[in-house]
Every structure is written in structure tokens, then in C-alpha cells.
Amino acid sequence: MTITFPDGNKREYARGTTGMEIAESISKSLAKASVAVSVNDNLWDLKRPIEGDAQLNIIKRDDEAGLELIRHDAAHILAEAVQELFPGTQVTIGPVIENGFYYDFARDEPFSTEDLEKIEKKMHDIVDAAQNFEREVWDRNEAIKHFKSIGEEYKAELISDLPETETITIYRQGDWLDLCRGPHMVNTKQIGHAFKLMKVAGAYWRGNSDNAMLTRIYGTAWRNEKELEAYLTMLEEAEKRDHRKLGRELELFHFQEEAQGSVFWHPKGHIIYNQMEQYIRRRLRDAGYQEVKTPQLMNAKFWEASGHWSKFRENMFVVPDVVPSTDEDGPVFKEEPKEFMAIKPMNCPAHVQIYKQGIKSYRDLPIRMAEFGCCHRNEAHGALHGLMRVRQMTQDDAHIFCREDQITEETIAFCQLLQSVYTDFGFEKIKVKLATRPETRAGNNDTWDRAEEALETAVKTAELDYEIAEGEGAFYGPKLEFHLTDAIGRSWQCGTIQLDFVMPERLDATYIGEDGDKHRPVMLHRAILGSLERFIGILIENHAGRMPIWMSPVQCVVAPITDEAKPYAEELYKDLWEKGLRVEIDARSEKINFKIREHSVLKVPYIFVVGKREAEEGTVAIRTLGGKNQDIKSRNDAVQMLVDEAKAPY
RNA sequence: GCUGCCGUAGCUCAGUGGUAGAGCACACCCUUGGUAAGGGUGAGGUCGGAAGUUCAAUCCUUCUCGGCAGCACCA
């Protein structure tokens, strides 16, 4: 048989030669470094015989694919360790994930932190035992029977659910075996010792909350100790950038239990919030949007019409439309409420109401209606997460009412606007997902074809990399999602644009076409930041609290060194204040070192230090946050520099 | 909502079956000091809440509320 290597070289081997043997035929050192092979782009075990002509790539331990094998093997070793230490525990699945792996177990007792230590120790023993991984092909029914006989109900279920055509492979390491597609390295020793069990958590069997909850053990695994250490250090560093921690330290906001999931914005935090809102307002104005404001509370009948009452009610805050009683001991309401109001969870239905006032012509379209809409959603307790997942949020929401032939153009314009905004905030890594038609959906296939195509054309035109999220669109239309990541790499959806053919129909929005007949407009639901709360959270983490100067709560602190310099410092402060800068003066009788430390900790971008010398010469000693040196400028230059630098990017 | 862990001063955290401690922050005083913590004194806690066990509970038990991690959810 002919084996073709990545560099195009071809060599002849006897049928049934293994990857290992091929590696050995090239060089001893290669054979030693290799852990698997890719045969026609499928990963195979090193010891598996190759039966015909193939494209072959030898995977070394240091390759990216090698790292995945380390993690995959580690998951198996974890499972073996757990079953040895805790007999009766059932194994389920254990995939490789970013930075590591996990394995889900079914066991009545949860694992404690001490258990984790024991398990980890056992894993090291298994590695040292250098057990070979052996691949075996089993008969499907035999396999099911086997796993049932040893009480592994979950494994048996997994096998029964595999397609009939699938080859059932079992991997054995020592006396332990597991259902697995493979491949694995040659033996357990190869994974090395650069792994660590991180945490225990609950997880539903097959990701469905109706199913039993399993116990998941997360681990991280790397090629060597150095990589492991680097990863653990990175996690520690990331913790310091947690927006919840920085929010407290920088006096930006707080939460308290009487208003779970709703932000108390402090003066400094609210400056960031306002700067962001004003920035977006300028962008929207220039992009042809009109801003509106709609009611917070609306009658339940209204939400019935929009479809939210049936589809979204469990996430809504509902208020009885009854005058409450003031009797101290009596019930809150004297009469049974007959009518209900609901606090808006979304702005779209209200925007349709504005659209519907008066008659719209095709000439009026597109209408781009924006609102910094304050929405409430009754999110599950476990879902709440600092600013990232709140119950009260403000969306930079807008709805574009347009004709079908305007969808592409509008979507392209949106993608470009979004990209430009994200660049202004310093984001380069945006994950874009195109969520396509779900199984249950409204509208016919033709419409969906056009809608999906419009979105795809738009991301392509905007030159964004994207991935397809099959079947994850809304029931009323496909959507684009724009994701950003937080300090520890969790991904959060921020921007979005969603095509909607359903709501205009439900709420009877129309326009008069060129032909004089009534037509349905299409609605594009779109948000650039998503919610101001989440976006600020991400922004804080990405900048580690050092906000760009135009958003910085305090842009400059004037710090006199002695009382002698105070009058000069006050003049300078007044100057900056009158130029509209957010400036403070620190005239306390503290040493300059102390003041510099304090304002540096609070991440103030500039400290203007003035002493006797500066007062006499009419200069300013400028200290930049994080900088080591001071920069002496004339008073006017210093002020002008700050004015220039503090300008918003748009 | 589910599983696990956690809850002591504003913050970070010690601690004990006999009603509490440190550092920072805070207040006052001294210090006027040239680029990341000058010194002194002082104030501050129903040990998340409720019930139980006990002569006695911050500590043990149960419930409850909240936080954290993961899962589920996320228009």
C-alpha cells in the first residue's frame, strides 16, 4: 500500500503496517515522540494496522492534537481511578474541553474535596503503572450485555443509542475498560503528570434538566509542568480582573439581596454607563436611527397579543392591576386581581405600537427605531452572574422595520456599525455565530432561505469570521450572535441581529406598497452592545479595570506635594474642570508616595503632580498610570494633552 | 431551578462549645514629605436569619436566605 506523507512524499508499506511501525521506519526519535497518527484525516491509534493507501500524518505529543490525546487519556484515567476508589460508581461520558477534560459519574454520594485529592493521587499511580491502551472491536449486543451485567446502565444506554452502522470500540487499560471511539496514546505513562483535578459540579445526564443529575469532575491537563503552572497562574491573574471584584474596589457598583440581579450604580460606575450610552447615541444618530422611549408596564392583554404571555411568561415579572390595601395586618390586596400588568422583558412589541401610529408608505422604510430599553427578566437564581447576567438590564435595542428587499443592505450596515463600535472599545476577537432555522418554526422554507442568505451575505461582506449554529435560530427567524469572552474565557453573547417575520404579523404592522396594497414589513431586532450591564462587565475585565480615558470615572487627579503648592494646584484643577474633564484634587496632608499609590490602585489614568518647582515654573509633572517616569509639560500643554486624549473615539 | 462548596468588622481573612481577633480601610492628632503604603491614638461585629440540642451555641443539628462554581435556561 502507498502511504502519502504531509510533505507529499510517498512510501510503500506492507498492508497492515501500523502507524508506529511507519514512524519507526522513518526514525527512532520520531517513533519515540509520536502518540497517534491521522489516517486520511481520522485520528488513529499508533498500533492500529493500516489496511490500504492512505494520507498519513504522524501526531507527536507536542502537537495540538497530541495535547487533546493527553486530555482524553486523562479523562479515562480519572474514570478508572474513581471506579477503583469508589466501587459502584457508574461512568457516563468524559470529553476533552478547552484547557482540560471532565468526566460525569453517577453516584449517590457526592465527591468531597478530600475525595478529589485521593482520586488525583490514584491517577498519578495509574500513569506510573504504564498500562497499555488496547483497542478492541466488540459486538454491539455483547457490549450492551456486558455493561448491563456490571451495572453500567448509562454506558449500555449510550451504546443502544449509537447508530446500527457504528463500530463499537472498547479501550482497555490494565483491567479497566470503557466504551470509546478513541484514539488513545500507547500507554498511560505518556500522558505525564502535568494534570490537576479542579472542581466538582453537578451536570444533567445528556444535558437535559428532566434527567438525573450526575457528578462531574473537571480537570486540567498539559504537556508539561511548566504549561500547567502557566495555566494556573493565568487563572489566578484572571481572578483579579473579575468585574465583580473590580466593581467593588473601584467603587463602580454593588448588588444586594433585596434587589438580586439589579445593579446599584455608584457615581463612578454610572459615569462609565453614561459615557457608553452617549457614545452609542451618537453612533445611532449618525446611522439613521431615531430614539424613542416606551412604557415599562403594560397590560397582560398586550403581552398575549405579542405572544410573550404564552412563550415568555415564566421570565416575566407580573403585577396585579389592583390598588393595594394599607391595612397593616391585612392582605396586600383586598380583592382578587382580575387584571394583570407585566413589566416589559423586551421592547419590540412596544416599538411596533409606535410604528403602527399613522399609515406607513414603502417610501418611509426602513424605519430604524432605537431605545435604551430598560427590561426586566425573571432569570433563574443560578443564572445570575454579576453584571453579566442580571434581572434588570438596559439594552441598546433597536428595531428596523423594512421591506424584504432591504434586509441584506440593513444587515450589512449593522454588521459594519457593530464592528466599528467593537473596535472603538478595543475588541478584536469577536466570535460570530449564525443561528439557523430550528425544527419548530414559523414561516415557510422560502422565507427562511432568503433570511439565512441575507444574514450570511452580511457577515461575509463585513468580512467577519463566523460559525454556523445549526438549528439555534429563534422560532420567528434566524439570527447573528456576537460573542465576547470574559477574564477566564467564558463566552457571553453581546450583540445580535435577528430577522423576524412573525411579530409584524401578530401585531398587524403594515405599510402601503408601490402597488397601493398593504404589505407586512420585516422586523430586524438588533443590539450592538446587547445590554449595557453585560458589556460594561466584559469591558472592565478586558481592560482589567483600566478604562479608556474617555470613559474613565476620574480622568485626572491633581496632587500637590506640599501645602505651599496648593494654590497652584487649585488653579490647575479649576482649569481642567472648566474644560469639562473629570478631575479631582487631592490636597490632603499625605506624602506624595501615598497619594500616587492610592490613585494608582484606583486606576486613575493621569496624576498631575505639582510641587514648589512646578508652581514656580508654571509646569506640571505628569504621571501616567502604570508608567515609571514623570513627564514635565507646561501647564497649557498638559491641559491640552488631557483634553485631546479624553476625547471619545466618536 | 438543580448539584456541590461557602457565609466572622466596609474589604481580605484568623479563631474557639464558656457571648471575638489581625491587616487594610475609617475617625482624630502629629508629620509638609518629590513619584506605589510616615507615625500615634481610637471607633467599629446580634459571627447571614430562624428553630433545635446543651447549664451554655459564632462553633453541633435542621430549616431558610444569600454568595460562588458548574449544569439547565438565556428573547
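Protein chains get the first letters and strands the later ones, always in sequence-line order, with residue 1 at the start of each.
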Look at the aromatic rings of F253(A) and H243(A) and report parallel, tilted or perpendicular, splitting at 30° and 60°.
tilted

If I pick the P atom on rU41(B) and the same atom on rA9(B), what distance separates them, to the nearest angstrom?
24 Å

Measure from the ring center of W265(A) to the ring center of H270(A) and say whether it is less than 6.0 Å.
no

Distance between P atoms of rA20(B) and rG33(B) (Å, rounded)
45 Å

Check nucleotides 36-42 of chain B against the protein and report each pair of N or O atoms closer than 3.5 Å, with its distance, or say if there are none.
from    : atom 1 : to      : atom 2 : distance (Å)
rA36(B) : O4'    : R597(A) : N      : 3.4
rA36(B) : N7     : R623(A) : NH2    : 3.2
rA37(B) : N7     : R597(A) : NE     : 3.4
rA37(B) : N6     : R597(A) : NH2    : 2.5
rA37(B) : N1     : R597(A) : NH2    : 3.2

Distance between the P atoms of rU8(B) and rU58(B), in whole angstroms?
15 Å

Find the partner of rA72(B): check Watson-Crick (N1-N3 plus N6-O4 or O6-N4) and G-U wobble (N1-O2, O6-N3) distances, both under 3.5 Å, and reply none if neither fits.
none

Rounded to whole angstrom units, what separation is found between the OH atom of Y204(A) and the P atom of rC73(B)?
9 Å

For atom CZ of F101(A) and atom P of rG70(B), their distance in whole Å:
17 Å

Kindly determine whether F111(A) and F86(A) satisfy ring-ring contact (aromatic ring centres under 6.0 Å, His included), including the steps that lead there.
CA-CA 10 Å; F111(A) 296 106; F86(A) 305 96; 5.3 Å; yes

When the nearest nucleotide of RNA chain B is assigned to N208(A) and to T562(A) on a heavy-atom basis, which residue is associated with the more 5' position?
T562(A)

Assess the pair Y476(A) and H525(A): is the distance between their ring centroids shorter than 6.0 Å?
yes

Got more than 12 heavy atoms from elsewhere within 6.0 Å of CG, D161(A)?
yes

Please evaluate residues Q83(A) and E152(A) with respect to the criterion side chain to side chain donor-acceptor pair (under 3.5 Å), reporting the C-alpha separation (whole Å), side-chain torsions for both, the decisive distance (0.1 Å), and the verdict.
CA-CA 11 Å; Q83(A) 290 204 314; E152(A) 296 282 4; 2.6 Å; yes

Distances for protein N or O near nucleotides 3-5 of chain B N or O, under 3.5 Å:
from   : atom 1 : to      : atom 2 : distance (Å)
rU3(B) : O2     : G202(A) : N      : 3.4

Could you give the CG-to-C1' distance, from D210(A) to rA72(B), as a whole number of Å?
10 Å

Paired to rC60(B) by Watson-Crick or G-U wobble criteria (both distances under 3.5 Å) is rG52(B)

Within the structure, does a side-chain N or O atom of R206(A) lie under 4.0 Å from either OP1 or OP2 of rC71(B)?
no

Protein-nucleotide distance (K433(A), atom NZ; rC74(B), atom P), rounded to Å
13 Å

Which is true for A621(A) with a 4.0 Å heavy-atom rule: it touches a base, it touches only sugar-phosphate, or it touches nothing?
base

Centre-to-centre under 6.0 Å for W222(A) and F195(A), is that the case here?
no

Does A474(A) reach a base, just sugar-phosphate, or nothing at all? Heavy atoms under 4.0 Å.
sugar-phosphate

Roughly how far apart, to the nearest Å, are rG10(B) and rG45(B) at atom P?
8 Å

So H385(A), base contact, sugar-phosphate only, or nothing? Heavy-atom distance under 4.0 Å.
sugar-phosphate

Working to the nearest 0.5 Å, report the span between CG of L539(A) and CG of L529(A).
9.5 Å

On the side chain of E564(A), is there an atom forming a donor-acceptor pair with the base of rG33(B) - under 3.5 Å, no angle test?
no

So which nucleotide from rG33(B), rG70(B), rC2(B) ends up closest to the side chain of I488(A)?
rG70(B)

Nearest to the side chain of R216(A), heavy atoms from C-beta on, is which of rA69(B), rG34(B), rC71(B)?
rC71(B)

Can you identify which nucleotide, out of rC74(B), rA69(B), rU32(B), has its nearest atom closest to the R389(A) side chain?
rC74(B)

Shortest side-chain distance from R613(A), nucleotide among rG34(B), rA69(B), rC2(B):
rG34(B)

Would you measure the distance from the C1' atom in rA27(B) across to the matching atom in rA43(B) and give it in whole Å?
7 Å

Looking across every strand, which nucleic acid part, if any, lies under 4.0 Å from R244(A) by heavy atom: base, sugar-phosphate, or nothing?
sugar-phosphate

Any residue of residues 247-270 of chain A with a heavy atom less than 4.0 Å from an atom of RNA chain B:
R248(A), E257(A), Q260(A)

What does K612(A) touch in the nucleic acid at a heavy-atom separation under 4.0 angstrom: a base, only the sugar-phosphate, or nothing?
base

Looking for any heavy atom pair under 4.0 Å, which part of the strands does R313(A) touch: base, sugar-phosphate only, or nothing?
nothing

Considering only the P atoms, how many Å lie between rC63(B) and rC5(B), rounded to the nearest integer?
13 Å

Provide the distance between the two C1' atoms, one in rG49(B) and one in rA57(B), to the nearest whole Å.
15 Å

Who does rC13(B) pair with, Watson-Crick or G-U, both distances under 3.5 Å?
rG21(B)

Are there over 12 heavy-atom neighbours, none belonging to Q256(A), within less than 6.0 Å of that residue's CD?
yes

Between F482(A) and F427(A), does the ring centroid distance fall short of 6.0 Å?
no

Determine the interplanar angle of the F401(A) and Y355(A) rings, folded into 0 to 90°, and report it as parallel if under 30°, tilted if 30 to 60°, perpendicular if over 60°.
parallel

Classify the nucleic acid contact of E481(A) as base, sugar-phosphate or nothing, counting any heavy atom under 4.0 Å across all strands shown.
nothing

What integer distance in Å separates E533(A):CD from rC74(B):C1'?
15 Å

Touch check for S209(A), heavy atoms < 4.0 angstrom, all strands: base, sugar-phosphate only, or nothing?
sugar-phosphate

Assess whether atom CD of E98(A) is packed by more than 12 heavy atoms of other residues, nucleotides or ligands within 6.0 Å.
no

Nearest-Å distance, CD (E614(A)) to P (rU32(B))?
20 Å

Within the 4.5 Å heavy-atom criterion, are C348(A) and M523(A) side-chain neighbours or not?
yes

Just checking Y218(A): base, sugar-phosphate only, or nothing, at a heavy-atom cut-off of under 4.0 Å?
sugar-phosphate

Students often get this wrong, so: under 4.0 angstrom with heavy atoms, is M388(A) touching a base, only sugar-phosphate, or nothing?
nothing

For E439(A), is the CD atom crowded, meaning more than 12 foreign heavy atoms sit under 6.0 Å from it?
no

rU32(B) and rC68(B), which share atom name C1', separated by this distance in whole Å:
47 Å

Within this structure, what is the CG-to-C1' distance between D242(A) and rA69(B), rounded to whole angstrom?
12 Å

Taking the six-membered ring for Trp, are Y103(A) and F105(A) closer than 6.0 Å centroid to centroid?
yes

Figure out the NE2/P separation between H308(A) and rC74(B), and round it to whole Å.
14 Å

